[in-house]
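Each remark here refers to the structure printed beneath this line.
The first residue of the sequence shown is numbered 1, and numbering continues consecutively from there.
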Amino acid sequence: MARSLSVKIPTATLISDVENTIAKIEAEMATYPADMEAYRQAYTAHQDLVLKAVIEAIKNPDNIGSEYDQNALVRVSSGNRYGGYGVNIQVNTDLLALPQAPEQPTNPNDRQHYGREYTTKLDLLKKNLKVLKMTNQEEVNASTYNTVMELL
């Protein structure tokens, strides 16, 4: 038969962790617009590089194969495909060496579901901090600590 553990965490330590996380999120929120602008510029530059690589691949006749040639870098088909007339050009991006796409930064204060609530992590942390500061207890139990730690 297993015995249960009764663990207590100092409230001051938990308050300090919550305050540090709040400060970190607020700092990330301050830099998020600049990070998104840098991402947009990097994404535009990446798209230009991709377009140039595709144009160079299409220019070389050795790269062009039929629509059934799975090993061709560029596959061309024409005719009545999907109910329309025209030319369909597919570029095999696995064979074409493309630069790595930039990674989009995540919004540090994005709304998410936390249990039944649809709110931001910052709002929940501030709410928990307010409750922790109002308590007279010097220690909190492990389940309370675990609940707050999921936000940190």
Side-chain angles (χ1 to χ4, degrees), residues 7 9-135 140 142-152:
V7 178
I9 310 297
T11 305
T13 303
L14 186 56
I15 288 173
S16 173
D17 287 347
V18 170
E19 287 173 339
N20 289 340
T21 304
I22 288 172
K24 179 183 167 204
I25 291 173
E26 287 175 343
E28 289 173 354
M29 286 171 50
T31 62
Y32 179 69
D35 293 344
M36 274 305 291
E37 185 58 35
Y39 165 75
R40 285 186 190 103
Q41 291 174 356
Y43 183 78
T44 301
H46 174 262
Q47 291 294 35
D48 290 343
L49 291 174
V50 168
L51 186 60
K52 288 177 185 176
V54 168
I55 289 171
E56 289 301 316
I58 292 172
K59 283 183 181 179
N60 187 350
D62 296 333
N63 293 336
I64 298 176
S66 71
E67 64 182 304
Y68 303 108
D69 186 4
Q70 298 296 322
N71 295 323
L73 184 61
V74 179
R75 296 184 303 211
V76 178
S77 63
S78 61
N80 191 6
R81 187 166 187 175
Y82 303 116
Y85 294 99
V87 176
N88 183 18
I89 298 175
Q90 294 178 337
V91 178
N92 189 340
T93 56
D94 293 337
L95 298 177
L96 185 64
L98 295 176
Q100 185 70 25
E103 189 173 324
Q104 183 175 359
T106 57
N107 186 350
N109 200 32
D110 203 13
R111 289 186 169 277
Q112 296 177 359
H113 284 281
Y114 296 98
R116 290 183 284 162
E117 289 188 59
Y118 184 66
T119 186
T120 65
K121 185 185 287 190
L122 185 62
D123 289 342
L124 278 179
L125 284 170
K126 286 181 177 180
K127 190 185 302 183
N128 286 330
L129 181 62
K130 186 183 286 187
V131 170
L132 286 170
K133 284 185 174 183
M134 289 189 321
T135 186
V140 293
S143 63
T144 303
Y145 179 73
N146 187 36
T147 303
V148 175
M149 284 304 294
E150 289 176 3
L151 297 173
L152 301 179

If you round to the nearest 0.5 Å, how far is [atom2] of [Y] from [atom1] of [X]?
X: Thr120; Y: Ile25; atom1: OG1; atom2: CD1; answer: 8.0 Å
X: Asn128; Y: Thr21; atom1: CG; atom2: OG1; answer: 11.0 Å
X: Leu73; Y: Gln90; atom1: CG; atom2: CD; answer: 12.0 Å
X: Asn107; Y: Glu28; atom1: CG; atom2: CD; answer: 10.0 Å
X: Glu56; Y: Leu51; atom1: CD; atom2: CG; answer: 10.5 Å
X: Asp35; Y: Arg40; atom1: CG; atom2: CZ; answer: 11.0 Å

Side chain to side chain, Val140 and Leu132, heavy atoms closer than 4.5 Å: yes

Close side-chain approach of Leu125 to Leu129, heavy-atom, < 4.5 Å: no

When you look at OH of Tyr43, are more than 12 heavy atoms from neighbouring residues, nucleotides or ligands closer to it than 6.0 Å? no

Would you say Glu103 has more than 12 foreign heavy atoms packed within less than 6.0 Å of its CD? no

Is a side-chain donor or acceptor of Ser16 paired with a backbone partner of Ala12 at a separation under 3.5 angstrom? no

Between the main-chain N or O of Ala57 and the side-chain N or O of Asn63, is there a donor-acceptor pair closer than 3.5 Å? yes

On a heavy-atom basis, the closest approach of Asn109 and Lys121 is OD1-N, 4.4 Å

Looking only at heavy atoms, what is the nearest atom pair of Val74 and Val91, with distance? CG2-CG2, 4.4 Å

Please determine whether side-chain contact (heavy atoms from CB on, under 4.5 Å) holds for the pair Asn92 and Arg75, giving the CA-CA distance in whole Å, both sets of side-chain angles, and the decisive distance to 0.1 Å. CA-CA 8 Å; Asn92 189 340; Arg75 296 184 303 211; 5.6 Å; no

Residue pairs passing the ring-ring contact (aromatic ring centres under 6.0 Å, His included) test where at least one lies in residues 14-37, sequence neighbours excluded: none

Show your working on side-chain contact (heavy atoms from CB on, under 4.5 Å) between His46 and Gln100 and close with a plain yes or no. CA-CA 8 Å; His46 174 262; Gln100 185 70 25; over 6 Å; no

Can you list every salt bridge (Lys or Arg N to Asp or Glu O under 4.0 Å) pair that touches residues 104-119, not counting sequence neighbours? Glu117-Lys127

